[in-house]
Protein chains: 2
Amino acid sequence: MNSAPLAGIDIDIVIQEAALKIDPTADLLDVIISETPGLLTVLPILYVAWADGELSPEELHSIRQKLQEKEWFSSKEKASIARWLDPDRPPSPQLLNAWLKVIRAHSDEIDPAVRRSLASWGIEIAQASAHTEAEHLADPKTQTALEEIESILGILSNEAVREILTDATALHRDEPFGESSLDVVAMNRLLEGEHHELMHDLFAILSRPEFQYPYDIKNDDYREKVLSWCQILAEKDYGKLSFPEAYGGKEDTAAFVTAFQTIAYHDLSLVVKFGVQFGLFGGSVYNLGSEHHHEKYLADIGSMALPGCFAMTEIGHGSNVRDIETTATYDADSDSFIIHTPHENARKAYIGNAAAHGEMATVFAQLEIGENNYGVHAFVVPTRDKKGMPLPGIQIEDHGHKLGLNGVDNGMISFDQIKIPRENLLDRFAQVNEDGIYHSEINSASKRFFTMLGTLVGGRVSIAAAALSAAKSALTIAVRYAGQRRQFGPAGAPETLLLDYPSHQRRLLPQIASAYALDFAVKKLVADYTANAAAPSREVETLAAALKAYSSWHARDVIQECRECCGGAGYMANNRFANLKADTEIFTTFEGDNMVLMQLVAKGRLTEYKHQFHNMKLFGLLKYVISQSGKKLAEMNALVTRMTDPEHLRDVDFQMGAFEFREHHLLVTVARRLKKRLDDGMDSYQAFMECQNHLINMAHASVEREILEAFIAGIASVEDEDLKRMLKTLRSLFALYRIERDKGWFMENGYIEEGKSKAIRKEVARLCREIQPDAINLVNAFGIPDSLLAAPIAMGTDA
Amino acid sequence: MNSAPLAGIDIDIVIQEAALKIDPTADLLDVIISETPGLLTVLPILYVAWADGELSPEELHSIRQKLQEKEWFSSKEKASIARWLDPDRPPSPQLLNAWLKVIRAHSDEIDPAVRRSLASWGIEIAQASAHTEAEHLADPKTQTALEEIESILGILSNEAVREILTDATALHRDEPFGESSLDVVAMNRLLEGEHHELMHDLFAILSRPEFQYPYDIKNDDYREKVLSWCQILAEKDYGKLSFPEAYGGKEDTAAFVTAFQTIAYHDLSLVVKFGVQFGLFGGSVYNLGSEHHHEKYLADIGSMALPGCFAMTEIGHGSNVRDIETTATYDADSDSFIIHTPHENARKAYIGNAAAHGEMATVFAQLEIGENNYGVHAFVVPTRDKKGMPLPGIQIEDHGHKLGLNGVDNGMISFDQIKIPRENLLDRFAQVNEDGIYHSEINSASKRFFTMLGTLVGGRVSIAAAALSAAKSALTIAVRYAGQRRQFGPAGAPETLLLDYPSHQRRLLPQIASAYALDFAVKKLVADYTANAAAPSREVETLAAALKAYSSWHARDVIQECRECCGGAGYMANNRFANLKADTEIFTTFEGDNMVLMQLVAKGRLTEYKHQFHNMKLFGLLKYVISQSGKKLAEMNALVTRMTDPEHLRDVDFQMGAFEFREHHLLVTVARRLKKRLDDGMDSYQAFMECQNHLINMAHASVEREILEAFIAGIASVEDEDLKRMLKTLRSLFALYRIERDKGWFMENGYIEEGKSKAIRKEVARLCREIQPDAINLVNAFGIPDSLLAAPIAMGTDA
């Protein structure tokens, strides 16, 4: 070995002493320049070689040997190199610090482009110092030789280069993102639509000091607060919006749903309490009852003088409402019904407004007259006196603390042979006369059952809308935070905005797109539903089930992602994610468990399919296509399955085509699987069981097609060309992101090839980058007032 | 039209009257049999035609016409058929009810197999009634003719068949699931391993009445309760387990991690408080301090006489610890350090134990001596007096309510020029002498920084373990519930167990498999880590980061799925999901944000790759293979990419091969992408930014390979053949489920073809069915005592 420890040690001592002085750099430079000026050329390489402690002894030896072979170093310089690259005697922290200072001292004057190579950087430093005379510095061979050595440091050396920079110009060459040209006000008006004024009136109320969010509050206090909030809204007649004018309402169901959706930007216990009282309890009396019920109850329900419950679910039967076990037996002697809970499992459970405030309940029970069971019907049953005491025979149990929605008083109710007058049957769709004779215009028991459940459709429409509001709140907070929060970055330069990270973009921006897509889909649902809220068609029922499930899952995923994107700050309750998450969590379960709803959607599609199949219209050709092998399909569409240009990928026909293909393919194949099983003599229940996951996938595909379709239709009616362009970009992001998520399926079925799949992934990333500058404006266009958002991290301060 | 309303109306009136009697069936039968006995053959078809209200008028007409063409009906019968299939005059509810009773009256005696066709069913009823004499009943042509008509009802008719059954034999032909032969005790002993006794001692303590879970509790009360719990554990010396014996410990880090993992089956605020006090605060003093710190503090920390904090994170810098801004400036005059918070954004934030109980903190700060910055170092700083009052110059702010972990008192701390003696530097890895001279054995600043952060490795190991415990608790509750909860089902038969639904199996059973896989991976991590806890190697650091991220995401997803699988019951706080979810939620963020950790894992892999690349060993061939097109690769392995038999799919070599291929492919391709950018002169920071998602995907693939590898190694060492077989099945489910989730990628890269992808999906479903009978035993083998599980729905009652 050529090591000459003495020379090295001398310099080390000088440096050690220099480090103690206030600015040792000058001294150190003097030493180096005077004794071994050639070392300046290798200082950047030396520093990086040691900086991250990752080089192996072999690599250090290798660098040492190669450097010492260079004839332009003096023997003293070679000795120092040997000393400074000795794996057994790493340089002291002071020496490393000193090197760093020397490098930095000259770096500001050097062209950043040059500094990307440690070799050229070293040469520039040596030249800048003007103490070195050797011609070899100008010789390209020197640089080549040094670069060869630098390459041993590998990829990570470039990482280390950042550390030796102090200036803001740095090596960071990010193209600054463009300014957003989105007209926030115009987009907001487009989203808010016709109920603009109603929303802003509500915003004004919900922004009042008494509506401030409470934290760390006991259930009892929280419940009273939510009750008082609800009463304020009732006083302003918001609860009655869908009721007839005779009872103080406006017979405007669309306005009621809008109010619900707007209140959902505030506390979600409030929106649920509001929904239970006016939507479920009030709605059941209004939609299932007749004139005399309206007259007797609606005004008091709307003013909250009569707080009530919607008692459908039982412990034993939630999803399977048809088999609930509470009975309503007609008693001919007293011309009344006896409401009874036959056993513990038949207790009404999870009933909102039951534990503390409800004085009456719409109770769903099996109607029995004599030996005949007429299925599930609804009855109004008083449960509490005006002092809040449960009436005799009524037992109420408090569910206590829940995962969320603790401002709502959920409880269990059981009935011990409670006698109610015959008129308490909500008898719009089925009547029992004074002789105990049952009559209904709806002959099919199944159809009657679904009609009785019509109230739930309104509930599902409302939940779809409210879940979207919650997702928008979360997105607004997280995107605004990502637009101001910085973490990590090139040395010396400002740290990087979270919103500039590709991973962060991928987490948040497709969710903005899906929120916009859902916004249009929910609008369509609300319009379809309110066109005939009293008797929703099967199509509306299916769409409500589909969007309720999709929007609640969407909210669950979006809020979770947003929380994680805000790190520790996202965990603090006052930044809102805590309640947004916990309160909306049950949206996937209540008003119909999502898994059950998806199967309902699947059956709806099968029914349509059956009709279409009989008519041999739409599906004739498709069936033929599908019956061909996947391979053949691919051959037929080889051109399309392989097309990867952005123009094609962003084309609405490609996107819609993919969504439709997926739905139809899943539909036709599941129908075939079901038919085969039935043909083989299998019970339909079992056949559906065996195809359950297939059915659920089909339902998913179906909902997403519905959403895309509504988004496309919505965009078509937009006049402002700038907004239209923006929305089309969002549509592409929504559609391609969903196709990417399901790329496995699309490839399995020959609809896209590998290359196209990769192209779609890239296009999603490109769309994210494209939308990034507009991200904050896009969430601001949701129009949620700061007073309701309330999260400190969304307000331009960090804490 | 051939309608003859009169005949129909007559019968309707009879039926209407009959329906009012107690048992009208006999009367009705009499009427039908005497007047129009032939109608019995079509009663099932008629009932189903109307039952679900889904038939179109055209379809009704079509059935009516076809029936009336049959020559075997009398003219009276034809008239009734015409009347009963008139779309404009649907039968009354009473008539439908009456039909139902007639059908049911005879059904019990009929072979269930026959009843699968409405046609044969009707014929059997007619024959059983013994009032019909016509020979046509025995004629096969009759049945064929009726079946043709039945087919118009379509798929859904089979669904309706269920409704007309009352008996338990039903059509439901589910193969009953087999009994589990799993030896729960043996599996439990295998999982608990060597620390069996320690775990059970802790279980006994945590089962005591004072450890009952509190609900609906204010933060202050909750914090005091958790403090008292923690003190009980401290009294029993659990906090000191990893400390030297001289200070009451056992110098057994593995035991400490086991204790942590065990406590995580209880309240998670407790485990975090325990972790902050003993793992982070105690661990930092133990691992970063030297003898004199140990002597002065460890005994008091272990007994909780000195409650303390771990103050690293600042508002402005969480993930990027290297750039925290709190300073520790050496003051030569007083031979002390001045700890200072330069601005609001540099406040220590989210610090556990800070808001209420901590009296001292390990504070991480930039060490500055003169003009030199030596980077982040740790100091012990007193924060409160014994009365709990913050010391002068120390400002403490309470974070208040959080999403979860409200039993832990998180707060912010800021320091206003706090002077601490020089000896308060935790100086194991770097010292400052009385002349203010800095010395460290670790020369590389980067290496020194990571060594100082070593305490976090222990934290990450513990979080990986605790997250797994929480996931196991959730799985135990949800799987037990699914094993007793029923909903929907064939009429008359018991409703279907949730655990029998394929969708439910798919939601829960792969998660049992992943919990087992993670169990073995965490065991390996704990073993590797505790082999040298004081100075974890880079490999252990990477594995800890990887498993902390993976296990915390896994817990998040599993607990969510479990909550949803328990419906409304899962939302009630006493069923535990509320706290399990909320408390573990932050696990994805603290002790290193998961996204940042995944990038750390990716860089670790790249570093290894660099070394291997230099050595030209492993990757030489692979690189060659990868450089070929995906197509070529597929051709090379055509046999494997197309193999679909279960034996192959369950083969460990296929599974491991797929995991390795994915990791290596992502690694090589991202390395190539990075290199290209660096070669083009791009800054490494920017290059890493552009490849961020690719890097994260690679890290994911890497963790899953590590987990599978650990699972395989763990299984290899199991001696009991039955357990081994069970574990191998779980391994297949884990591996195939993960491959299925990433099937898009595998297809994109030609590793599997479409047919194989579908085969994998089917195999996952098959494995779920196979494991189903063992599901409850598998979660019981986790061995969580009922006293800790506590969820009523997991205890064999429904409420």
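Within every chain, numbering begins at 1; the chains are lettered A, B, ... in the order of the sequence lines, protein sequences first and strands thereafter. Because the structure is a prediction, the values reported are computed rather than measured.
With a 4.5 Å cut-off on side-chain heavy atoms, Ile586(B) and Arg563(A) count as touching. Asn443(A) has its side chain within reach of Trp50(B): a pair of non-hydrogen atoms, C-beta onward, lies under 4.5 Å apart. Side-chain contact check for His401(B) versus Ile217(A): every heavy-atom pair is 4.5 Å or farther apart. Looking at Asn749(B) and Lys758(A), their side chains come closer than 4.5 Å, going by heavy atoms from C-beta outward. Inter-residue side-chain proximity for Met689(B) and Pro502(A) is flagged as met; some heavy-atom pair is nearer than 4.5 Å. Taking the side chain as every heavy atom from C-beta outward, Tyr685(A) and Thr496(B) approach each other to under 4.5 Å.
Heavy atoms of Met595(B) lying under 4.5 Å from chain A belong exclusively to its side chain. In this structure, chain A has heavy atoms under 4.5 Å from both the backbone and the side chain of Glu585(B).
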Please determine whether side-chain contact (heavy atoms from CB on, under 4.5 Å) holds for the pair Met572(B) and Tyr350(A), giving the CA-CA distance in whole Å, both sets of side-chain angles, and the decisive distance to 0.1 Å. CA-CA 9 Å; Met572(B) 301 301 112; Tyr350(A) 317 128; 3.6 Å; yes
Apply side-chain contact (heavy atoms from CB on, under 4.5 Å) to residues Glu564(B) and Asp593(A) and explain how you reach the verdict. CA-CA 9 Å; Glu564(B) 291 186 35; Asp593(A) 180 88; 5.9 Å; no
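Among the candidates Phe746(A), Tyr571(A), Tyr215(A), the residue making the largest number of heavy-atom pairs closer than 4.5 Å to chain B is Tyr571(A).
We find that Glu748(B) and Lys743(A) are joined by a salt bridge, their nearest charged nitrogen and carboxylate oxygen being less than 4.0 Å apart.
Under the 3.5 Å distance criterion, the side-chain polar atoms of Glu754(A) are left unmatched by any main-chain donor or acceptor of Gly750(B). For the pair Asp216(B) (side chain) and Asn219(A) (backbone), a donor-acceptor distance under 3.5 Å is present.
Residues satisfying the side chain to side chain donor-acceptor pair (under 3.5 Å) criterion with Gln599(A), sequence neighbours excluded, are Gln692(A).
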